[in-house]
Protein chains: 2
Amino acid sequence: MDLDERKLKILQAIIRNYLETGEPVGSRTISKYTDLNLSSATIRNEMADLEELGYIIQPHTSAGRIPSDKGYRLYVDHMILEKEEQLNQATQEVKEMHKILLEREDKMESVLKQMAKMLAENTNYATMISAPQVRGNKLKFIQISRVDPRQILTTIVVEGNVIKNSIISVADPLDDETLLKLNILLNTNLNGLAIESINLAMISKLKQQAGVYADLVGEVMDVVASVIKDDENIEIYTSGANNIFKYPELADNQRASELITTFEEKQMLSELVQDTLTEDKGTGIQVYIGNETPVKTMKDCSVVTATYELEEGMKGTIGIIGPRRMDYDKVISTLKTLKSQLDTIYKKSDEES
Amino acid sequence: MDLDERKLKILQAIIRNYLETGEPVGSRTISKYTDLNLSSATIRNEMADLEELGYIIQPHTSAGRIPSDKGYRLYVDHMILEKEEQLNQATQEVKEMHKILLEREDKMESVLKQMAKMLAENTNYATMISAPQVRGNKLKFIQISRVDPRQILTTIVVEGNVIKNSIISVADPLDDETLLKLNILLNTNLNGLAIESINLAMISKLKQQAGVYADLVGEVMDVVASVIKDDENIEIYTSGANNIFKYPELADNQRASELITTFEEKQMLSELVQDTLTEDKGTGIQVYIGNETPVKTMKDCSVVTATYELEEGMKGTIGIIGPRRMDYDKVISTLKTLKSQLDTIYKKSDEES
DNA sequence: TGTTAGCACTCCATAGAAACGAGTGCTAAT
DNA sequence: ATTAGCACTCGTTTCTATGGAGTGCTAACA
């Protein structure tokens, strides 16, 4: 048996209604809700069919129906296609983000934090944003300077303008000439190289050329290495974790505690980021319903993610986490608009600079 | 009427018992619990007195008693004095921190994060740590370098080795000589100055001397200014927020949601940090019971804070947030030990460098 | 005079019973 | 194919015991 037009309409009505109320919806409600002009009895028959097909579930014999994961999935897939043209819907809130992005602060960190917060406030769900991941980055600039007689400041810039500093202590003060020589040594040998491609042989060669300052060069190389290390545990910013308390189905102690922990230990979220980045099939938007999510503690949630891309292949993820009955419609179109803005604005303003 | 020895002992027994169980404690329990060898009837009389004095409360007529804020306060004040000598009690967990601190990473951020986490795991309460606040700091080093033809990297180091970078875009490439000249200009004029003391007159003088590069110097000064701005919203790291679910009196939706929000919006916690730093009377440990806390959303919690101090007057705060019936004993001694270790270890390892 | 045993009383917590009502499935009529 | 009608199910809410923990008070005791 396939889904005819009418069944689809009924299913849609059930889901819409359930998204709003969070209560199982009965046949009588649907009978009024839709423009089909059918009696509740007819609806009941159809609902029995839909249940048999696995699109809806009856929590107990005398209750209404709620959508199953399969039902949600159908709804979402259907909806995304439909929405394609009316992209400019959720403009209201996204315009504010536009503004934030334009007056972009020096620290990308604070931009992302603010964005997460704003998204959370507008959607009433929990949000997460991962900082763009830098991969295969090339060293753009490396420099050591004397901050005071015993302290050397290392500054490293990689493509994408990620900057890393560290202070190294030295036993004997370096004079200006040595400093200059070492800087030239480092830059001529390392500039333009992908960090991953720096191997042991190169390091030992460098150390050899540095002579008595081999130790110092070694420490500088440690700093270089730490750029990669930093990169491995991706920065993730979250906001609106408290929103889960607005949805009774998530707010019981057991679940709430788990979810809060998940948001706190951002590490678990990074699985989600990874999955999103690898699974991305081109649309850039992904929906995980219930158990589909790669994070087990979120099995009672739905997650909608978007990947955004800056220039130079830096990719990041935005995620919205809410109950199964989240307003997919609004969330997806919000994310779509935001994504497209991010993609374009960031690119543009980076070309300026 | 004053508190005689016996009343004190009874009060103490009540509190101890309540801390453990979280249930109102009755006279019979106390009669067995203490070594006073008194019947429950006698205890009842004493308890009636204690209640009249305001140290304990009866939730309802036929229930046992629970400590009032006044009772907790007495207990805590008493206990702190008693504990003074047995400082080495909570060594177990603190030794691990010792280790972390010794192998201290370059980023203070990650040390503090880890510390917060470890504290939370050991105590089963929520924790917060504020990064040391830098005040009245002097510029130690300032430098601009050319990263690529159109991009200038600004690096600023202030006392305490706080480093700040920013990339500035320029329309026309700068040659080496100009760069050197500007660096000398900036360093000779600004080095050693407290950032707060840089005024408009100096800036305009600098700009004048920079000639055609006045704009660039202006942007550099903006970066300098942002060091202060960064400082104003203190970095605060939290951990173990989910622990509040372990205490039923905090775990109802209303309260939990408020608390989670408080931990998320670190801003509210900064009030606590401020209060702790200003109220500190020398012991370095402070206890806020219930309504005593400056953060309203925590009125059902108790907070124990410690201020730690690194060299150069950099002060930070560690806080442990739990239910009113937190294990003050353990928390206070843990914080004391940790504080003393932080005070000494950090100082020492900074002298090394 | 301080302590204790005993007892009536209070009041929360728990469990069960009863009433309710939303919603269903099925049947028979249209 | 649709619908009205009806018996039935089952979760939710409300009410009513019942039990027990704990108290305050009184009277007896050392």
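Each chain gets a letter, A, B and so on, in the order the sequences are listed, and its residues count up from 1. Keep in mind that this is a model prediction, so the values were computed, not measured.
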Whole angstrom value for the distance that separates P of D:dT23 from CD1 of B:Ile10: 12 Å
Main-chain N/O of A:Gly54 paired to A:Ser68 side chain as donor or acceptor, under 3.5 Å: yes
Any side-chain donor near an acceptor of the partner, B:Thr34 and B:Lys9, under 3.5 Å: no
Evaluation steps, side-chain hydrogen bond (donor to acceptor under 3.5 Å, both in side chains), between B:Ser40 and B:Arg28: CA-CA 5 Å; B:Ser40 59; B:Arg28 231 181 96 76; over 6 Å; no
Side-chain-base donor-acceptor pair under 3.5 Å for B:Arg28 and D:dG20: no
D:dT23 OP1/OP2 closer than 4.0 Å to side-chain N/O of B:Ser27: yes
Interface with DNA chain D, restricted to residues 57-69 of chain A and to heavy atoms under 4.0 Å: A:His60, A:Thr61, A:Ser62
Evaluation steps, side-chain hydrogen bond (donor to acceptor under 3.5 Å, both in side chains), between B:Thr262 and B:Thr297: CA-CA 7 Å; B:Thr262 309; B:Thr297 50; 2.9 Å; yes
Distance in angstrom units between A:Lys32 NZ and C:dA22 C1', rounded: 13 Å
Selected nucleotide, minimal atom distance to A:Arg44 side chain, candidates C:dT24, D:dG24, C:dT3: C:dT24
Aromatic plane relationship, A:Tyr328 with A:Tyr75 - under 30° parallel, 30 to 60° tilted, over 60° perpendicular: perpendicular
Atom-pair distance (CG on A:Leu36; P on D:dT2), nearest Å: 10 Å
Euclidean distance, A:Asp327 CG relative to A:Thr334 OG1, rounded to 0.5 Å: 8.5 Å
Nearest-Å distance for atom pair CG/P, residues A:Asp4 and D:dA1: 12 Å
Given C:dT4, D:dT23, C:dT24, the nucleotide with the shortest approach to the side chain of B:Met47: D:dT23
Along DNA chain C (nearest heavy atom to each residue), the more 5'-positioned of A:Asn45 and B:Asn37: B:Asn37
Nucleotide C:dC26, atom P - distance to CG of A:Asp49 in whole Å: 12 Å
Interatomic distance where CD1 belongs to B:Ile30 and P belongs to D:dG22 [whole Å]: 11 Å
Which nucleotide in D:dA4, C:dA5, C:dG25 has an atom nearest any side-chain atom of A:Ala41: D:dA4
Donor-acceptor pair, side chain of A:Ser31 and main chain of A:Leu38, under 3.5 angstrom: yes
Rounded interatomic separation in angstrom, taking CZ from B:Arg6 and P from C:dT4: 8 Å
Separation of D:dA1 P from A:Glu5 CD (nearest whole Å): 18 Å
